[in-house]
Amino acid sequence: MIAFVSGTVAALAPDAAVVEVGGVGMAIQCTPNTLSTLRLGKPAKLATSLVVREDSLTLYGFVDDDERQIFELLQTATGVGPRLAQAMLAVHTPDALRRAVAAGDEKALMAVPGIGKKGAQKLLLEFKDRLGAPVGAAPAIGAPVTSGWRDQLHAALIGLGYATREADEAVAAVAPQAEAAEGAPQVGQLLKAALQTLNRAR
């Protein structure tokens with residue numbers, strides 16, 4: 001079991017990072033939220049979970065131990081593999097998942113690609129009383145939409161190697177999507193949309 005990886009960020013891609021550890025490049029699958037915290041050439045420490053299959057060894061990386069523990073717990077549910085567990089964490093933070101399960105919120109789980117109504121109902125039953133209570137405070141109802149997503153998204157795009165002008169244009173392109181979101185925008189989802197606009201422009 002590789003509990004964490006600590007080293008210099010050698011490469012970044014839309015769904016993975018390479019961290020150099022003792023002269024070895026470790027390829028780590030990450031959510032956009034996790035990738036947005038990394039910078040090329042800078043030191044990083046990621047909590048990790050190694051998924052072993054007959055034909056592969058895949059390392060998944062997370063910003064902290066809580067996210068990794070939720071990733072591993074999600075996979076104990078019927079029909080949930082590492083890809084779907086990672087997709088759930090790309091859409092929701094661990095606390096957002098805990099709140100969704102506690103409230104029986106099917107729609108929150110159905111926002112994850114690959115989860116339909118029946119799947120959401122089944123997962124709510126399986127995870128009831130297993131994810132625990134939210135660790136952080138819930139966002140206040142009616143709280144203003146944070147403008148911090150712009151800075152986070154811009155920094156993530158610069159970290160992926162895009163020029164400042166390209167990052168500025170991509171942030172402007174996804175601004176309507178961010179402003180239309182209920183509550184605080186998910187930086188991970190905005191990063192995916194921004195990358196799509198940049199790929200089309202090239």
Side-chain angles (χ1 to χ4, degrees), residues 1-40 42-101 108-116 118-136 156 159-160 186-192 195-196:
M1 173 71 179
I2 301 174
F4 69 88
V5 168
S6 180
T8 302
V9 179
L12 289 168
D15 60 354
V18 176
V19 177
E20 184 179 341
V21 183
V24 176
M26 308 281 282
I28 305 169
Q29 298 293 309
C30 303
T31 65
N33 287 330
T34 300
L35 289 169
S36 71
T37 67
L38 305 178
R39 300 289 176 269
L40 273 174
K42 300 291 184 181
K45 182 177 180 180
L46 294 174
T48 55
S49 179
L50 181 64
V51 175
V52 180
R53 294 284 184 264
E54 284 185 10
D55 58 349
S56 67
L57 295 172
T58 307
L59 201 57
Y60 291 85
F62 310 93
V63 290
D64 56 31
D65 288 333
D66 183 39
E67 197 171 64
R68 180 190 62 201
Q69 288 165 5
I70 292 295
F71 171 78
E72 292 173 348
L73 182 59
L74 290 173
Q75 292 175 73
T76 63
T78 308
V80 178
R83 290 282 182 189
L84 184 55
Q86 189 183 44
M88 292 171 77
L89 286 168
V91 175
H92 298 296
T93 64
D95 269 0
L97 283 172
R98 292 185 180 105
R99 283 192 286 272
V101 170
L109 294 186
M110 288 167 63
V112 179
I115 297 181
K118 285 186 178 178
Q121 291 171 340
K122 190 174 70 170
L123 289 172
L124 287 173
L125 283 173
E126 289 206 41
F127 289 134
K128 191 178 181 186
D129 303 323
R130 292 180 61 200
L131 293 188
V135 176
L160 285 169
Q186 290 278 342
V187 176
Q189 291 176 318
L190 294 176
L191 180 57
K192 284 183 183 176
L195 289 170
Q196 287 173 350

Is the shortest side-chain heavy-atom distance between L73 and Q75 below 4.5 Å? no
Test item: T78 and E126 side chains (from C-beta on) under 4.5 Å apart, heavy atoms: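 Answer yes - side chains close enough.
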List the residues meeting salt bridge (charged side-chain N to carboxylate O under 4.0 Å, His left out) with D65, not counting sequence neighbours, and say none if there are none.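 Counting only residues at least two positions away or on another chain, D65 forms a salt bridge (charged side-chain N to carboxylate O under 4.0 Å, His left out) with R68.
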From [atom1] ([X]) to [atom2] ([Y]), nearest 0.5 Å:
X    : Y    : atom1 : atom2 : answer
L46  : I2   : CG    : CD1   : 12.5 Å
D15  : R83  : CG    : CZ    : 7.0 Å
Q121 : M110 : CD    : CE    : 8.5 Å
L74  : M88  : CG    : CE    : 4.5 Å
E67  : L97  : CD    : CG    : 9.5 Å
L125 : K122 : CG    : NZ    : 10.5 Å

Side-chain ion pair, R98 and D66, N-O less than 4.0 Å: yes
For S49 and E72, does a side-chain donor sit closer than 3.5 Å to a side-chain acceptor?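 Side chains of S49 and E72: pair found under 3.5 Å.
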Does any donor atom in the side chain of R130 or T76 lie under 3.5 Å from an acceptor atom in the other side chain?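 Short answer, yes.
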Tell me, with the steps shown, if L59 and V5 meet side chain to side chain contact (heavy atoms under 4.5 Å, CB included). CA-CA 10 Å; L59 201 57; V5 168; 3.9 Å; yes
At their closest point, which heavy atom of [X] faces which heavy atom of [Y], and how far apart are they?
X   : Y    : result
L35 : A13  : CD1-O, 3.3 Å
I28 : G61  : CG2-N, 3.2 Å
Q29 : T58  : CG-CG2, 3.7 Å
N33 : L89  : ND2-O, 4.0 Å
L38 : A44  : CD2-CB, 3.7 Å
P14 : L195 : CB-CD1, 3.7 Å

From CA spacing to verdict: side-chain hydrogen bond (donor to acceptor under 3.5 Å, both in side chains), Q86, T31: CA-CA 7 Å; Q86 189 183 44; T31 65; over 6 Å; no
Output, in order, the C-alpha distance, side-chain angles, deciding distance and verdict of side chain to side chain contact (heavy atoms under 4.5 Å, CB included) for L84 and V112. CA-CA 8 Å; L84 184 55; V112 179; 4.2 Å; yes
Taken in chain and number order and not counting sequence neighbours, the residues that satisfy ring pair (Phe, Tyr, Trp, His ring centres under 6.0 Å) with F71 are Y60, F62
